[in-house]
Structure formats: structure tokens, C-alpha cells
Amino acid sequence: MKFSLPVSDFNLEHTLECGQAFRWEKSGSFYTGVIGDAAVKVSFDGRKLAVEASPGADKKRIADYFGLNEDLPRIYKKIGGDPNIKKAIKKYRGLRILNQDRWECLASFILSSYTNIPRIKKMIASLSRRLGKRLVLGGTEIYSFPPAGKIAKAGMKELKGLGLGFRAGYIKDTAQKVASKKFDLDALEDLNYGEAKERLMTLKGVGGKVADCVLLFSFKRYEAFPVDVWIKRGLEELYFNGKAVTPEKAAEFARERFGGYAGYAQEYLYHYLRHEKERS
DNA sequence: TCTCAGGCACTAT
DNA sequence: ATAGTGCCTGAG
């Protein structure tokens with residue numbers, strides 16, 4: 001099925017390549033990925049997001065996935081008072097925070113621990129290829145992200161064979177809890193930010209950073225401010241005169257300075273910092 | 001060959 | 001509370 005979604009203040013490339021999602025592949029002017037169980041191919045011409053998706057795909061869900069319902073100019077007003085964020089916005093205008101599948105997001109960021117983005121992508125690709133559902137869209141083959149039940153049942157040897165390393169134990173353990181409903185991901189919706197984060201952190205392989213990523217990228221909790229090494233270094237350099245701060249302190253500072261949309265500030269800053277480094 | 005990644009758990013103070 | 005240490009693996 002094909003349809004298009006009109007949207008202004010949107011940039012597809014920045015949105016899909018700022019590091020919040022790991023499975024979108026670019027070919028020409030299109031990006032191909034999976035949303036839930038639907039294969040999706042998208043392109044953007046500056047006015048509307050053109051979508052081709054598996055039959056039966058939910059149009060509203062896809063618009064929601066890309067964050068098209070958020071009022072970006074209003075968010076810019078809230079966080080753009082800071083000169084650094086202002087610069088980052090100018091450069092990456094249209095970058096939107098996605099609203100991803102919760103389980104996929106949680107599992108993906110458990111895998112992100114102590115490794116680099118190319119390898120995270122590789123781990124997720126091999127995991128999906130092995131345990132996900134094969135989908136075909138316009139001749140392109142792609143695999144859905146495996147449900148928790150599939151990963152829960154997979155053997156440790158099999159998972160390690162997919163290159164997950166020591167994370168295999170973490171993801172299997174969490175998959176078992178989610179699949180058995182011992183841990184109800186959707187129930188986090190009813191908790192406030194602090195409670196939800198704390199609850200997520202009871203899972204093996206989930207610390208503060210991963211919990212914040214999950215809340216920001218799949219629960220629309222825009223006050224979440226994931227502090228990774230890049231953000232930590234960046235904040236130290238830009239706001240603490242080069243002095244070292246703990247991740248907790250950095251996050252506290254950010255929420256104070258950027259307020260309820262600290263997470264949006266984080267994404268722009270993160271993207272900005274990474275590309276600054278690439279140049280030098 | 002070697003270093004180093006988008007953290008976390010575990011242990012010792 | 002806070003500080004130190006090891007971890008699978010592969011890309012550069």
C-alpha cells in the first residue's frame with residue numbers, strides 16, 4: 001500500500017541517521033525499514049513523507065512512529081534559548097525523535113552497551129535475520145525484529161553465535177521476563193518518568209543510559225536525557241569548563257536547563273557533537 | 001597487531 | 001554513595 005503524509009519541519013535523513021534507530025537502510029533517496037511487522041519504504045520531498053508499506057500497515061502508527069504529530073517549532077522555542085542548542089537546531093532542523101516499538105527499542109539498547117554503532121547495527125541485523133519474520137516489499141527483503149518470546153527461547157550458544165558477546169545473557173534474561181509478562185513494558189506508561197526509569201533499571205543490562213533511551217525513543221518521555229560518553233564529554237566541555245562530571249550530575253543539569261524537552265536537546269546536541277568530531 | 005567502542009554489573013571502600 | 005575493573009567482538 002502507498003500513501004503520503006504531509007509534514008513541515010521534517011528531515012528524514014537527520015531523523016533516521018542520528019543514532020536513535022539502527023535498522024534503516026538507505027538506497028537512493030529511499031530508506032527501508034520495519035515498523036512493527038510491516039516493511040516500510042519512505043522518502044521525503046520537503047512537503048510530504050511518501051510511504052510504501054506492507055499490506056494492512058497502520059497509517060496512523062507510521063505517522064506516530066516518525067513523530068509527525070509533534071509541534072517542532074514549539075519545542076525549538078523551549079530549548080533554543082541555549083546558544084549551543086540553537087546552533088545545533090540551525091544545522092539539523094527537522095530531526096524528530098521517533099516513537100519506536102518498545103521491545104525492539106529496549107532490546108536494541110541493551111545490545112548497544114560497550115560497543116560501536118556499526119557493530120550494534122550488525123548485531124540487530126543478524127538477530128533479525130535469524131529469529132525475525134521475513135518480509136518482502138517491492139523486491140527488497142527485510143526481516144522484522146524478533147518478538148521477546150523468540151529470543152527467550154533461543155539458546156545462549158545461538159545468541160553468542162550471532163555476535164552478541166556478553167550481552168547475550170542480558171538480552172535473553174530480559175526477553176524471558178518480557179515474554180512471560182513478569183515484566184510488563186506497556187505498564188510503564190502509567191508510571192511517572194522517575195518510576196518508569198527505576199523499573200526499567202531492574203532489568204539486567206539496563207542502566208540509566210539505556211533506560212533513558214527506551215523512555216525517550218519509545219515512550220515519548222521527552223524529559224529523559226540519556227548521558228553517553230559523547231554527551232558527557234560535550235557537556236563538560238560546553239558547560240563545565242572542562243571539569244569532569246558524573247552522568248547523574250550531567251542529567252540533572254540538563255533537565256534543569258532544558259526542561260521537559262531535555263531529550264530533544266540531547267538528540268540535537270548528540271548529533272552536533274558527533275559531526276563536529278568527524279571534521280577534526 | 002592493536003586499540004577502542006553510544007554501559008553495565010560486580011566488588012571494594 | 002562512590003570509585004575501580006573486566007567484559008565479547010569486530011571495525012578502523
Side-chain angles (χ1 to χ4, degrees), chain A residues 14-25 88 92 95 97-98 100 104-130 151 154-177 183 194 197-218 221 224-238 243-252 254 262-280:
Chain A
H14 294 328
T15 297
L16 295 182
E17 293 187 11
C18 67
Q20 55 179 326
F22 301 103
R23 340 195 38 215
W24 290 92
E25 294 289 340
Y92 301 113
L95 187 167
I97 291 181
L98 299 171
Q100 303 182 48
E104 173 174 348
C105 190
L106 170 61
S108 296
F109 281 95
I110 286 175
L111 295 181
S112 77
S113 183
Y114 196 53
T115 189
N116 49 45
I117 291 177
R119 196 178 154 214
I120 299 167
K121 286 185 172 172
K122 216 179 153 187
M123 288 188 283
I124 295 172
S126 60
L127 193 59
S128 300
R129 191 176 182 80
R130 175 69 68 92
I151 295 175
M156 278 293 284
K157 239 186 212 163
E158 183 176 16
L159 294 176
K160 286 198 171 173
L162 296 172
L164 309 193
F166 66 88
R167 305 163 197 80
Y170 295 158
I171 199 171
K172 185 172 161 69
D173 191 77
T174 293
Q176 284 170 338
K177 287 191 178 122
F183 191 99
K197 180 170 177 178
E198 209 174 310
R199 179 98 183 90
L200 276 167
M201 287 173 67
T202 62
L203 295 167
K204 281 237 162 62
V206 180
K209 192 268 180 181
V210 170
D212 271 335
C213 285
V214 173
L215 290 170
L216 183 59
F217 302 139
S218 69
R221 296 296 176 95
F225 190 89
V227 179
D228 53 52
V229 292
W230 289 87
I231 287 292
K232 187 173 160 325
R233 284 181 208 143
L235 291 183
E236 286 168 353
E237 186 191 324
L238 296 172
K243 238 183 77 202
V245 290
T246 64
E248 292 76 24
K249 189 111 181 171
E252 187 190 328
Y264 253 97
Q266 193 272 7
E267 275 311 280
Y268 278 83
L269 202 53
Y270 176 76
H271 204 45
Y272 187 70
L273 291 168
R274 289 211 60 143
H275 289 269
E276 286 297 305
K277 290 280 181 191
E278 274 168 26
R279 244 173 273 138
S280 59

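Quick caveat, the model's predicted, so the values are computed rather than measured. Every chain is numbered from 1 and lettered A, B, ... according to where its sequence line falls, protein lines coming before strand lines. Computed over heavy atoms, backbone and side chain alike; hydrogens, waters and symmetry mates excluded.
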Gap between atoms CD1 and P, on A:Ile110 and B:dG6 respectively (whole Å): 18 Å
Reported CG-to-CZ distance for the pair A:Leu159 and A:Arg130, which is rounded to 0.5 angstrom: 9.0 Å
Whether over 12 other heavy atoms sit under 6.0 Å from A:Lys204 NZ: no
Touch class at under 4.0 angstrom, heavy-atom based, for A:Leu203 against every strand present: sugar-phosphate
4.5 Å side-chain heavy-atom contact, A:Leu269 and A:Leu238: yes
Atom-to-atom span, CD of A:Glu17 to P of B:dG6 - whole angstrom: 16 Å
B/S/- contact track for nucleotides 5-12 of chain C, protein heavy atom under 4.0 Å: --BBBBS-
d(CE, A:Met201; P, B:dG7) in whole Å: 14 Å
Mutual orientation of the aromatic rings belonging to A:Tyr272 and A:Tyr92 [parallel < 30°, tilted 30-60°, perpendicular > 60°]: perpendicular
Rounded interatomic separation in angstrom, taking NZ from A:Lys232 and P from B:dG7: 11 Å
Rounded distance (Å) that lies between atom P of B:dC4 and atom CD1 of A:Ile117: 18 Å
Gap separating the CD1 atom of A:Ile171 from the CG atom of A:Leu164, nearest 0.5 angstrom: 6.5 Å
Atom P, compared across B:dC8 and C:dG10: separation rounded to whole Å: 22 Å
Runs of at least three consecutive pairs that involve DNA chain C, where pairs are Watson-Crick or G-U with distances under 3.5 Å: B:2-5 with C:9-12, B:7-13 with C:1-7
Spacing of A:Thr15 atom OG1 and A:Leu95 atom CG [to the nearest 0.5 Å]: 5.0 Å
Side-chain atoms of residues 112-125 of chain A: list all donor-acceptor pairs with protein atoms under 3.5 Å, sequence neighbours left out, distances to 0.1 Å.
{"unit_1": "A:Ser112", "atom_1": "OG", "unit_2": "A:Phe109", "atom_2": "O", "d": "2.8"}
{"unit_1": "A:Asn116", "atom_1": "OD1", "unit_2": "A:Arg119", "atom_2": "N", "d": "3.2"}
{"unit_1": "A:Arg119", "atom_1": "NH2", "unit_2": "A:Gly163", "atom_2": "O", "d": "2.7"}

Heavy-atom closest pair, residues A:Gln20 and A:Leu98: OE1-N, 2.8 Å
Spacing of A:Arg23 atom CZ and A:Leu127 atom CG [to the nearest 0.5 Å]: 9.0 Å
Sugar-phosphate, base or nothing in reach of A:Gly205, heavy atoms under 4.0 Å: sugar-phosphate
Integer-rounded Å distance: B:dG7 P and A:Leu200 CG: 18 Å
Whole-Å P distance, C:dC8 and B:dT1: 22 Å
Atom P, compared across B:dT3 and C:dG6: separation rounded to whole Å: 15 Å
Side-chain-base donor-acceptor pair under 3.5 Å for A:Lys209 and B:dG6: yes
Atom-pair distance (OH on A:Tyr270; P on B:dA5), nearest Å: 12 Å
Shortest non-hydrogen contact between A:Gly205 and A:Ile110, atoms and distance: O-CG1, 4.0 Å
For A:Lys172, salt bridge (Lys or Arg N to Asp or Glu O under 4.0 Å) partners two or more places apart: none
Listed partners of A:Ala265 passing side-chain contact (heavy atoms from CB on, under 4.5 Å), at least two apart: A:Ile79, A:Ile85, A:Phe258
Below 3.5 Å between N/O atoms, which protein atoms pair up with nucleotides 10-13 of chain B? Just atom names and distances, please.
none

